[in-house]
S.K.: 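Structure below; questions to follow.
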Amino acid sequence: MAATRASIICYYDLISPYTYMGFKIFNRFRKQWPNVDVTFRPMLLGGVMNEIKNQPLFAFPSKKNHMIADLDRISGVTGVPFKFPQKFPVNTVLPMRVLTALQIHEAEKYEQCIDKLFDEYFIHGRDISQAAVIQQALSPIFHSDTVKIESYLQRAAQDQEIKKIFKQYTDEAIAKGIFGAPTFIVRKAGSEEELLFFGSDRFEMIAATLGLPYAGLTSVSKL
């Protein structure tokens with residue numbers, strides 16, 4: 001059944017620096033797009049890449065060097081702070097499962113937690129694969145309720161239902177033809193057609209497709 005409102009589903013993994021940029025930029029444009037339903041859906045990017053036999057940019061030195069320079073330029077234009085982490089990549093299974101659990105049980109805090117964990121890695125360079133780093137990062141959001149945060153870390157590590165849902169999201173991404181992150185699945189209001197947009201540089205195209213205002217990338221720092 002076609003939805004009455006336009007929608008955007010962003011498939012993401014904390015390991016992706018372009019997704020970090022995309023998340024920050026998208027959330028700034030999103031303030032101008034109040035009539036669009038937005039969902040951030042966790043997936044395991046490594047699982048997607050393995051399934052489709054794709055290679056990440058950092059696997060090739062020339063591409064990695066370009067990626068870092070490109071991200072620095074995006075940061076300069078948009079004002080989004082960025083520092084490429086010394087330890088890259090890291091295993092994001094644990095934090096992504098934590099976010100899966102938070103999406104289900106702490107919906108009102110979920111996006112704030114995504115934002116915080118992205119900052120921990122791509123601003124402060126902390127190893128978000130470590131439970132202690134996750135706990136410290138999320139502590140202010142949960143008013144230092146360490147017991148609650150620990151419960152989500154345990155669910156992420158042990159809860160078979162959380163593991164199942166996270167795998168389902170990853171399998172869903174593969175089934176939709178997703179090959180990298182960030183990927184935005186866009187539906188116009190009144191339509192069942194899903195349109196796939198890949199990358200953090202497709203917001204102008206998304207806006208044009210949905211008939212939304214777009215002031216340009218250089219305006220992002222002022223939004």
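Only this structure's heavy atoms are used, side chains among them; waters, hydrogens and symmetry mates stay out.
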S.K.: Using the test salt bridge (Lys or Arg N to Asp or Glu O under 4.0 Å), find all partners of K109 that sit at least two apart in sequence or belong to another chain.
M.R.: none

S.K.: What pair of heavy atoms forms the shortest contact from A181 to L45, and how long is it?
M.R.: N-CD1, 3.9 Å

S.K.: Apply the side chain to side chain contact (heavy atoms under 4.5 Å, CB included) test between L99 and each candidate in I134, I114, D13, I104; give the one that qualifies.
M.R.: I114

S.K.: Flag the pair F118 / F23 as yes when their ring centroid distance falls below 6.0 Å, and as no otherwise.
M.R.: yes

S.K.: Does atom CD (E194) have a neighbourhood of more than 12 heavy atoms from anything else shown, all under 6.0 Å?
M.R.: yes

S.K.: Quick one: salt bridge (Lys or Arg N to Asp or Glu O under 4.0 Å) partners of K163, sequence neighbours excluded?
M.R.: none

S.K.: What heavy-atom pair brings V48 and A173 nearest, and what distance separates the two atoms?
M.R.: CG2-CB, 4.4 Å

S.K.: Side chains of I52 and I178: closer than 4.5 Å at any heavy-atom pair?
M.R.: no

S.K.: Any side-chain heavy atom of V36 within less than 4.5 Å of one from R30?
M.R.: no

S.K.: Any side-chain heavy atom of T39 within less than 4.5 Å of one from S7?
M.R.: no

S.K.: Name all residues meeting the side chain to side chain donor-acceptor pair (under 3.5 Å) criterion together with D145; count only those two or more places apart in sequence or in a different chain, and write none if there are none.
M.R.: none

S.K.: Just wondering, more than 12 heavy atoms not from E108 lying within 6.0 Å of its CD?
M.R.: yes

S.K.: Taking the side chain as every heavy atom from C-beta outward, state whether L71 and Y20 have any pair of such atoms under 4.5 Å apart.
M.R.: no

S.K.: With sequence neighbours left out, write down each residue that passes side chain to side chain donor-acceptor pair (under 3.5 Å) with K167, or none if nothing qualifies.
M.R.: D171

S.K.: Are the aromatic ring centres of F198 and F179 under 6.0 angstrom apart?
M.R.: yes

S.K.: Any cation-pi pair here, R97 with F166, using under 6.0 Å and within 45°?
M.R.: no

S.K.: Just to verify, what does K24 make a salt bridge (Lys or Arg N to Asp or Glu O under 4.0 Å) with, not counting sequence neighbours?
M.R.: D115, D119

S.K.: Give the ring-plane orientation class for F88 versus F84, where under 30° counts as parallel, over 60° as perpendicular and anything between as tilted.
M.R.: tilted

S.K.: Is the shortest distance from a Lys or Arg side-chain nitrogen in K116 or E120 to a carboxylate oxygen in the other one below 4.0 Å?
M.R.: yes

S.K.: Evaluate the side-chain proximity of M96 to L14: yes if any heavy-atom separation is below 4.5 Å, no if none is.
M.R.: yes

S.K.: Look only at the side chain of S139 and the backbone of Q136, and say whether a donor-acceptor pair between them is shorter than 3.5 Å.
M.R.: no

S.K.: Could I get the full list of side-chain contact (heavy atoms from CB on, under 4.5 Å) partners for E150, not counting sequence neighbours?
M.R.: Q135, L153, Q154

S.K.: Could you tell me whether M205 atom CE has more than 12 heavy atoms of other residues or ligands within 6.0 Å of it?
M.R.: no

S.K.: Do the ring centers of F184 and F203 come within less than 6.0 Å of each other?
M.R.: yes

S.K.: Report yes if the side chains of I74 and V80 come closer than 4.5 Å at any heavy-atom pair, otherwise no.
M.R.: no

S.K.: What are the two closest non-hydrogen atoms of A137 and L117, and how far apart are they?
M.R.: CB-CD2, 4.0 Å

